[in-house]
Structures are given as C-alpha cells and as structure tokens.
Amino acid sequence: MKLFSNTVSLLEQGLNYSSLKSKAISQNIANVDTPNYKAKNVSFKSELDQAAQINNQSFKTDSRHFEFKKTGSSAIQVTSNSRNYNSTGNSVDMDSEMSDLATNQIYYNALIERLNGNFQTLKSVIQGGK
C-alpha cells in the first residue's frame, strides 16, 4: 500500500539528486588545492532515466510489444571532469562550482517548498478543510 502519491515520490527522488549533487560540489570545493584531483559531477540524465524507469511501468497488450528496460546500473552516476585548470593537474573551477552550488540550492529550496505544500494539503484534508 502506498501512503503518498507519486508526486511525493518524485519530489523525494529530486531531493536525493540534489543531495548527491551537493556532496559532489562540496568534495570538489574541498579538493580545490589537491594536485591531480579531477572534479566530479552528478549526471542528471542518469537520474532522469532512473526516475522514468520507476514511474513508467510497461503495460503489454500484445506479446510482440517491447518492454521498457533499465539502462545501465542502478547506482547514481558520478562523472569526472578531465580538463586541467591549473599546473598541478587539478580540474576544479571554483567559479563554476560556486555557480553550481547556488543553482543546486535554489533547486533544493523549490523542492522543499513544493513538498511542504503537499503536506499542508494533506494536513488540511485530515483536519476536514479547516
């Protein structure tokens, strides 16, 4: 039995993505002076594919229909940037990391606001619309 709607599940997945992206950015910022460190990034496409696979179950009406298949691993994909931005072989670009951090924070706050709205609606329904 599902307690919450698909919207809450999708918001949860969005929060998981945002959390992982925040961790990757934090690691990049922490290692800005580490020689030969390659900046990491979380692939949104892999997250979107995973979410689509979970929420789009195939319904076959004929045996000749293709099934939706999962692509790749179930783990979250973190990629490394191979460009070097300084002579030590480090690929962390602080301006880009700070920009990504701000964007990710705005995304996270929007998801939290939407999730709070859903729970406020549930609370209103439970209290009889008062």
With sequence neighbours excluded, tell me which residues meet side chain to side chain contact (heavy atoms under 4.5 Å, CB included) with Leu11.
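With neighbours one apart ignored, the set is Thr7, Leu111, Arg114, Leu115, Asn118.
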Partners of Gln105 by side chain to side chain contact (heavy atoms under 4.5 Å, CB included), sequence neighbours excluded?
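Side chain to side chain contact (heavy atoms under 4.5 Å, CB included) list for Gln105, sorted by chain: Tyr108, Asn109.
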From [X] atom [atom1] to [Y] atom [atom2], the distance as rounded to the nearest 0.5 Å:
X: Ile126; Y: Thr121; atom1: CD1; atom2: OG1; answer: 11.0 Å
X: Tyr107; Y: Lys21; atom1: OH; atom2: NZ; answer: 11.0 Å
X: Asp93; Y: Met98; atom1: CG; atom2: CE; answer: 11.5 Å

Minimum heavy-atom distance between Ile29 and Met94, given as atom pair plus value
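Looks like CG2-CE, 4.1 Å.
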Considering all heavy atoms of both residues, which atom of Ala39 and which atom of Ser91 are nearest to each other, and what is their separation?
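What the structure gives for the nearest pair is N-OG, 2.6 Å.
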Does Ser18 offer a backbone N or O that forms a donor-acceptor pair with the side chain of Asn104 under 3.5 Å?
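Checked: pair present.
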In terms of hydrophobic clusters joined by side-chain contacts under 4.5 Å, are Ile25 and Ile106 together?
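No, separate clusters.
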Which residue pairs pass the side chain to side chain donor-acceptor pair (under 3.5 Å) test when at least one of the two sits in residues 94-103, sequence neighbours left out?
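Sorted pair list: Asn28-Glu97.
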Quiz question: by atom type and distance under 3.5 Å, do the side chains of Lys38 and Asn90 form a donor-acceptor pair?
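Asn90 and Lys38 do not have a side-chain donor-acceptor pair below 3.5 Å.
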Any heavy-atom pair between the side chains of Asp33 and Val92 that's under 4.5 Å?
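When only atoms from C-beta onward are counted, Asp33 and Val92 do not touch, as no gap falls below 4.5 Å.
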